[in-house]
K.L.:
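Submitted below is the structure of interest, expressed as structure tokens.
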Protein chains: 2
Amino acid sequence: MAKYPLIKTTLKDRLLGGHYLEGLPLPSEPQLAREFDVSRMTARRAIDELEREGYVYRVQGAGTFPTGKRFRQGVFRIRPFKEWARHPEHRTQVLRAIEIQATPEIAAVLQIEPGSSVAFIHRLRSAGDEPLVIEKRYINAALVGGLLERNLASESIHELLIAMGVPLTRVEQSLEAVNLRQEEAELLRVPVGTAAFLMRRTTYSGAQRVSYVNYWVRGDRYAFQDSFEP
Amino acid sequence: MAKYPLIKTTLKDRLLGGHYLEGLPLPSEPQLAREFDVSRMTARRAIDELEREGYVYRVQGAGTFPTGKRFRQGVFRIRPFKEWARHPEHRTQVLRAIEIQATPEIAAVLQIEPGSSVAFIHRLRSAGDEPLVIEKRYINAALVGGLLERNLASESIHELLIAMGVPLTRVEQSLEAVNLRQEEAELLRVPVGTAAFLMRRTTYSGAQRVSYVNYWVRGDRYAFQDSFEP
DNA sequence: GAGTGGTCTAGACCACTCG
DNA sequence: GAGTGGTCTAGACCACTCG
């Protein structure tokens with residue numbers, strides 16, 4: 001078992017528990033190395049990940065500091081599919097739903113063997129006549145036998161997974177701004193090159209990666225909104 | 001000068017140039033270490049960053065492979081200005097900082113009388129040579145006399161406001177995907193029409209609206225990242 | 001079994017911060 | 001000047017892949 005994950009979760013717990021005060025540095029790298037009885041490089045590795053995840057920031061010569069919650073940016077709330085489906089004028093169309101063999105890339109994202117079975121679901125969501133969101137989803141088929149026989153147009157896949165005994169415990173997502181390529185532009189009926197959001201989401205059930213989804217969302221019809229108290 | 005950034009950009013150039021074929025591994029870490037005359041750990045560090053940025057993926061025992069463009073995972077976190085400013089290679093350039101009279105639109109957003117004084121700050125943020133973010137900020141001048149005399153390139157405006165007795169108590173923000181118009185595209189040195197994030201933010205001090213900011217963020221260089229436990 | 005990436009060590013020198 | 005993070009080295013052992 002590797003050592004740095006333990007150091008990382010220990011430090012994360014302390015940070016979330018308020019053990020380290022804002023404005024004051026954490027123990028230095030040599031100190032942490034001594035505390036956890038590892039080399040400094042191993043302690044650094046744990047801190048590297050905490051920095052990447054936004055829990056701390058480092059200043060050369062000064063120290064490593066807890067990130068204040070004030071500017072935890074990039075946390076926009078996104079409307080879950082459930083609410084979307086409730087809107088009567090919204091509908092979801094299944095373009096494709098088949099079992100495929102994992103390409104190396106999909107295998108790497110889902111951490112399965114290349115060639116393993118993956119359920120691929122391609123959907124289009126519209127409001128009234130207007131297509132708004134394209135969805136391409138890859139699900140580890142070993143976890144969800146029979147998923148493709150369900151009614152994928154009317155049901156939330158998230159809830160289907162829960163019903164099939166695969167509760168989601170963690171979601172990682174990223175949001176990019178992209179120019180739509182021809183395939184997507186045609187589906188969304190906008191000119192090629194129109195700006196859109198591309199949201200990528202990986203879901204976990206425990207340590208197991210369950211699904212990987214790409215959403216293309218029309219930038220001219222959708223905005224994310226959020227408010228927070230610093 | 002550190003060695004790993006050179007290795008990283010060299011490999012990135014090769015990857016983007018199609019030097020390494022999809023499905024075939026890159027040279028192994030020991031080979032790359034020999035080629036660049038560094039230790040294996042230093043070569044790894046360069047590859048670590050390429051992996052994080054989605055250019056390659058690694059399979060233990062098998063090798064490091066180019067990621068097909070389809071599943072490129074973008075991995076830039078939006079950084080708070082404070083941390084941004086500390087990064088030596090990041091800089092902020094003030095394009096304009098003047099007092100103007102509120103247009104009807106700005107007046108409506110800030111809930112002041114049209115024609116009232118507003119501090120307008122236009123900045124450009126870059127990393128190295130690469131411009132990344134355009135910022136246009138409108139601040140209710142009645143709340144912040146003398147703001148424009150401060151060093152706006154090196155200081156966080158958020159902290160300046162706090163220092164001037166205007167603590168921020170609430171932020172409302174929205175995020176859109178837009179095609180860049182000529183003015184913005186020229187500043188960011190990308191083609192007209194390139195997809196970008198447009199973030200709009202209104203800040204409050206109590207019930208008082210303090211500022212309104214538009215950020216144009218290059219979509220090809222930035223992504224929002226988040227993870228949560230449902 | 002040869003080669004690959006994953007992790008770790010015990011050092012080293014450097015640039016930087018801070019009182 | 002003491003302490004901090006940034007980078008780098010030259011090893012080592014391991015789990016894993018693949019022919």
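Within every chain, numbering begins at 1; the chains are lettered A, B, ... in the order of the sequence lines, protein sequences first and strands thereafter.
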K.L.:
Grab the CD-C1' distance between B/E29 and D/dT9 for me, whole Å please.
P.N.:
16 Å
K.L.:
Between the side chain of A/S116 and the main-chain N/O of A/A102, is any donor-acceptor distance below 3.5 Å?
P.N.:
no
K.L.:
Tell me every residue that passes side chain to side chain contact (heavy atoms under 4.5 Å, CB included) with A/T64, counting only those two or more places apart in sequence or in another chain.
P.N.:
A/L26, A/I47, A/V56, A/R58
K.L.:
Step by step, work out the side chain to side chain contact (heavy atoms under 4.5 Å, CB included) result for A/F120 and A/Q101.
P.N.:
CA-CA 9 Å; A/F120 170 63; A/Q101 294 193 328; over 6 Å; no
K.L.:
Using atom CD1 of A/I47 as one end and atom C1' of D/dG5 as the other, report the distance to the nearest whole Å.
P.N.:
9 Å
K.L.:
Expressed as a whole number of angstroms, how long is the span from B/L26:CG to C/dG3:C1'?
P.N.:
16 Å
K.L.:
Any side-chain N or O of B/T64 under 4.0 Å from OP1/OP2 of C/dT4?
P.N.:
no
K.L.:
So, for A/P27 and A/Y20, which heavy atoms are closest and what is the spacing to 0.1 Å?
P.N.:
CD-CE2, 3.7 Å
K.L.:
Mind listing the residues from residues 33-41 of chain A sitting with a heavy atom below 4.0 Å of DNA chain D? Number order is fine.
P.N.:
A/R40, A/M41
K.L.:
Please confirm whether the shortest side-chain N or O distance from B/R44 to OP1 or OP2 of C/dG6 is below 4.0 Å.
P.N.:
yes
K.L.:
May I ask you to verify if any side-chain N or O of A/R58 is less than 4.0 angstrom from the OP1 or OP2 atom of D/dT4?
P.N.:
no
K.L.:
Would you check if the side chain of A/E184 reaches a backbone N or O of A/R181 as a donor-acceptor pair within less than 3.5 Å?
P.N.:
yes
K.L.:
Within the pair A/T42 and C/dT7, is there a side-chain N or O less than 4.0 Å away from OP1 or OP2?
P.N.:
no
K.L.:
Determine the minimum heavy-atom distance between B/P131 and B/R189, stating which atoms define it.
P.N.:
CD-NH2, 3.6 Å
K.L.:
Side chains of residues 30-38 of chain B: which donor-acceptor pairs under 3.5 Å do they make with residues two or more places apart or in other chains?
P.N.:
residue, atom, partner, partner atom, Å
B/Q31, OE1, B/S28, N, 3.0
B/E35, OE2, B/R14, NH1, 3.3
B/E35, OE2, B/R14, NH2, 2.6

K.L.:
Separation of A/D48 atom CG from C/dG6 atom C1', in whole Å?
P.N.:
15 Å
K.L.:
Which atoms of nucleotides 17-19 of chain C (N or O only) lie under 3.5 Å from a protein N or O atom, and what are those distances?
P.N.:
residue, atom, partner, partner atom, Å
C/dT17, O4', A/G61, O, 3.3

K.L.:
Which atom names give the shortest non-hydrogen contact between A/A195 and B/A195, and what distance separates them?
P.N.:
CB-CB, 4.0 Å
K.L.:
Any side-chain to backbone donor/acceptor pair from B/S205 onto B/Q208? Under 3.5 Å, distance only.
P.N.:
no
K.L.:
To the nearest 0.5 angstrom, please state how far the NE2 atom of B/H122 sits from the CD atom of B/E135.
P.N.:
9.0 Å
K.L.:
Given Watson-Crick or G-U pairs with both distances under 3.5 Å, what dot-bracket string fits DNA chain D, with | for other-strand pairs and [ ] for crossing?
P.N.:
||||||||||||||||||.
K.L.:
Which one of B/N140, B/V166, B/L110 satisfies the side-chain contact (heavy atoms from CB on, under 4.5 Å) criterion with B/V210?
P.N.:
B/V166
K.L.:
Working note: A/Y215 + A/R137, criterion side chain to side chain contact (heavy atoms under 4.5 Å, CB included); need CA distance, chi angles, decisive distance, verdict.
P.N.:
CA-CA 9 Å; A/Y215 300 92; A/R137 189 182 301 252; 3.3 Å; yes
K.L.:
Would the distance check show the side chain of A/N214 and the main-chain N or O of A/K136 forming a donor-acceptor pair, the cut-off being under 3.5 Å?
P.N.:
no
K.L.:
Which of residues 1-13 of chain A sit near DNA chain D, with a heavy atom under 4.0 Å from it?
P.N.:
none
K.L.:
Could you check whether any side-chain heavy atom of A/K3 comes within less than 4.5 Å of a side-chain heavy atom of A/R45, counting everything from C-beta outward?
P.N.:
no
K.L.:
Starting at CD of A/E49 and ending at P of C/dG6, how long is that distance when rounded to a whole Å?
P.N.:
12 Å
K.L.:
Distance check needed: C/dG5 P versus B/R45 CZ, whole Å only.
P.N.:
19 Å
